[in-house]
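What you see is a predicted model; the values in this text were computed from it and never measured. So that the names make sense, note that chain A is the first sequence line, chain B the second, and so on, each numbered from 1.
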There are 2 protein chains.
Amino acid sequence: MDDHAKGIRKGTGVSNANDIKADLIAVVVAVNDHEPRVLTIGRANALPSGPFELGHRSLQSGLRSWVEEQTGQPLGYIEQLYTFADRDRVGTGQRVISISYLALTREEEATQSDRRRWERWYDYFPWEDHRSGTPSILSKVLRPRLLKWADSAGDNETRRERRQRSAVAFGFDDGTWNEELTLQRYELLYEAAMVGEATGGQSSAARSVAGESMIADHRRILATGIARLRSKIKYRPVVFELMPPVFSLLQLQRTVEALAGRLLHKPNFRRLIEQQELVEQTGETTADTGGRPAKLYRFRHAVLDERAVAGTKLPLTRA
Amino acid sequence: MDDHAKGIRKGTGVSNANDIKADLIAVVVAVNDHEPRVLTIGRANALPSGPFELGHRSLQSGLRSWVEEQTGQPLGYIEQLYTFADRDRVGTGQRVISISYLALTREEEATQSDRRRWERWYDYFPWEDHRSGTPSILSKVLRPRLLKWADSAGDNETRRERRQRSAVAFGFDDGTWNEELTLQRYELLYEAAMVGEATGGQSSAARSVAGESMIADHRRILATGIARLRSKIKYRPVVFELMPPVFSLLQLQRTVEALAGRLLHKPNFRRLIEQQELVEQTGETTADTGGRPAKLYRFRHAVLDERAVAGTKLPLTRA
DNA sequence: GCGTCTTATATTCAGGTCGAGTATAACCGG
DNA sequence: CCGGTTATACTCGACCTGAATATAAGACGC
């Protein structure tokens with residue numbers, strides 16, 4: 001298609017001291033068995049990633065080829081997350097820019113293999129899953145240790161500010177849990193040296209209380225992806241990227257709940273989905289659910305053309 | 001503060017064929033005299049930009065120093081827009097990554113100088129300003145030419161799809177104008193070769209109908225910044241970054257209207273601002289407005305701590 | 001100094017959205 | 001055929017939001 005890329009001759013680039021490298025990093029998400037999962041390579045607790053190269057037609061296609069090479073997983077929906085520059089790595093004097101992406105893929109394609117592992121989100125972030133009530137780790141471990149950290153500050157103003165930030169991010173004072181603050185919460189725990197990455201990984205105590213660690217800043221990138229996805233499902237119909245072609249409304253609800261980490265009000269969820277005309281009936285039903293057979297639906301791809309913004313605004317409620 | 005940065009020795013970096021350059025590009029916005037403006041360098045119709053260098057502590061600080069060096073303008077609020085990779089530029093065989101940012105600054109600091117110019121948004125995007133009704137250019141020029149472009153497609157499906165996209169982005173069919181679709185609209189006009197950048201700048205006719213051009217893809221980046229800002233003022237209190245320390249509620253409303261490119265319902269705007277407790281009275285009034293003196297307000301910086309998400313959801317209405 | 005103009009500020013009303021609860025329908029397994 | 005289980009339908013009230021109207025306070029001309 002594009003003869004431009006072929007014309008690149010390796011090594012003709014003029015390099016100088018300001019040249020840098022760019023890494024592409026992917027947060028690939030699927031929902032399996034009511035559990036949101038992230039794609040990792042091997043047992044290294046690392047996200048798939050690789051350098052942006054001359055042969056790549058674009059950043060996105062570079063990302064796709066790295067993920068496919070490392071894990072065999074083809075990617076569908078992709079969106080950019082964030083670009084940041086690391087401090088120079090281990091004294092090479094060269095900077096590395098990391099460009100991170102969020103990718104969504106379907107359950108059926110998300111099979112295990114020796115090259116890839118699908119790890120549960122909430123193994124890395126145990127405090128983020130509120131589907132069976134507020135996790136006890138919040139009040140029993142995180143809250144006291146965050147308070148201790150706040151009070152260990154030198155001046156009064158810092159103490160007040162740390163308590164304030166913790167209370168807002170974790171909903172300590174008013175009991176209000178905002179599922180979109182995943183990144184802020186992780187950053188607080190990092191600052192307070194309560195996650196493995198911040199303590200150099202030597203503290204197994206920290207690791208057990210504050211979830212599984214990942215290499216480098218990959219867990220922070222995962223937190224960014226989770227936060228973005230939790231926010232986006234409320235105003236764009238991206239959930240359907242994670243669904244099989246045909247599904248029941250309860251399956252859809254369970255998927256949204258898995259991502260948001262909280263339960264939803266069933267009648268309101270149905271009302272919202274139906275009145276937005278995001279789905280249409282297939283005419284078939286399934287009896288797999290135990291009770292009355294559920295009607296099956298499929299996503300109306302047409303809405304992507306019809307409307308610029310098709311919200312899925314999920315009702316943010318308890319059950 | 002940070003001894004890490006000092007440790008970088010120039011020239012020790014190992015360069016190879018996959019090394020690249022990274023450009024930092026800034027969309028700096030201020031609102032002056034009820035007109036949203038963007039900072040450009042000289043009369044070149046170019047956004048301030050420069051390469052990310054080893055000496056830069058971070059991407060953001062690199063951006064700040066480039067903008068300040070090129071325009072003398074110090075930056076306050078900054079947020080990342082998007083990162084993209086150009087096709088290789090003029091056969092050097094080297095790729096360039098562009099990292100774009102949106103910056104907001106205050107009116108008083110936005111004075112002209114010989115190095116910088118504050119250009120009006122709507123000189124580049126005349127069809128985006130709906131404050132005095134729907135611009136006639138929409139129905140008189142853009143709509144017929146977009147339809148012609150749609151019908152010039154080879155197959156039926158492409159024609160249908162082009163008409164559909166145009167209608168949604170510009171609100172042709174239902175008259176619904178969505179001010180957040182600035183980028184989609186620009187991209188459509190680009191595809192239809194109705195903007196100067198797409199025709200190599202030789203067509204002065206295209207230039208006069210579809211706004212002032214900019215170099216390279218800077219106008220597209222500006223469109224991205226406008227879209228982001230128009231979206232963000234609805235759920236984050238970023239408008240105040242553009243306001244003087246003390247202001248009346250009507251001044252605030254006029255600023256929001258300038259950004260959104262549409263008029264708002266006055267009583268509802270006041271109600272929303274007040275009930276969200278975003279501002280507090282200074283106790284003073286101003287008689288500069290001609291009628292009854294207006295109370296003056298200031299932004300309550302405390303809300304940034306108190307709440308994680310402080311919405312400014314502006315009522316999207318006509319006057 | 002008084003009426004009029006202009007803008008600021010306050011109040012009211014109706015339709016829609018949203019959280020929450022309750023009722024009915026359909027299939028299964030014994 | 002009856003209780004258990006899940007699906008689907010309907011209802012209610014609080015609150016949000018678009019829209020219009022009413023009142024207050026200064027400026028200005030005569």
**Student:** With heavy atoms under 4.0 Å as the rule, sort K295(A) into base, sugar-phosphate or nothing.
**Tutor:** sugar-phosphate
**Student:** Choosing from dA10(C), dT9(C), dA7(D), which nucleotide comes nearest the side chain of P267(B)?
**Tutor:** dA10(C)
**Student:** What is the distance, to the nearest angstrom, from the CD atom on Q253(A) to the P atom on dT6(D)?
**Tutor:** 13 Å
**Student:** Whole angstroms only, please: what is the CZ-P distance between F269(B) and dG18(D)?
**Tutor:** 13 Å
**Student:** Which residues pass the side chain to side chain contact (heavy atoms under 4.5 Å, CB included) test with L296(B), not counting sequence neighbours?
**Tutor:** V246(B), S248(B), T282(B), E284(B), T286(B)
**Student:** Going by the rule ring-ring contact (aromatic ring centres under 6.0 Å, His included), which residues pair with F172(A) if we only count those two or more places apart in sequence or in a different chain?
**Tutor:** F170(A)
**Student:** Starting from C1' on dA7(D), measure out to CZ on R254(A) and report it in whole angstrom.
**Tutor:** 12 Å
**Student:** At under 4.0 Å between heavy atoms, how does the protein contact nucleotides 24-30 of chain D? Give one character per nucleotide, 5' to 3', with B, S or -.
**Tutor:** BBSS---
**Student:** Measure from the side-chain heavy atoms of N268(B) and tell me the nearest of dT6(D), dG18(D), dA10(C).
**Tutor:** dG18(D)
**Student:** Who passes side chain to side chain contact (heavy atoms under 4.5 Å, CB included) against K140(A), sequence neighbours left out?
**Tutor:** S136(A)
**Student:** Would you mind classifying the nucleic acid contact of L250(A) as base, sugar-phosphate or nothing, using non-hydrogen atoms under 4.0 angstrom?
**Tutor:** sugar-phosphate
**Student:** Who are the side chain to side chain contact (heavy atoms under 4.5 Å, CB included) partners of R271(A), not counting sequence neighbours?
**Tutor:** N268(A), Q275(A)
**Student:** If I take atom CD in residue Q276(B) and atom C1' in nucleotide dT17(D), what distance separates them, rounded to the nearest angstrom?
**Tutor:** 13 Å
**Student:** Under the side chain to side chain contact (heavy atoms under 4.5 Å, CB included) rule, collect the residues that match up with E35(B), sequence neighbours excluded.
**Tutor:** R37(B), R120(B), Y122(B), R131(B)
**Student:** Does R271(B) or S248(B) map to a spot on DNA chain C nearer the 5' end, using the closest nucleotide for each?
**Tutor:** S248(B)
**Student:** With respect to R262(B), which candidate in E179(B), E128(B), E180(B) satisfies the salt bridge (Lys or Arg N to Asp or Glu O under 4.0 Å) definition?
**Tutor:** E179(B)
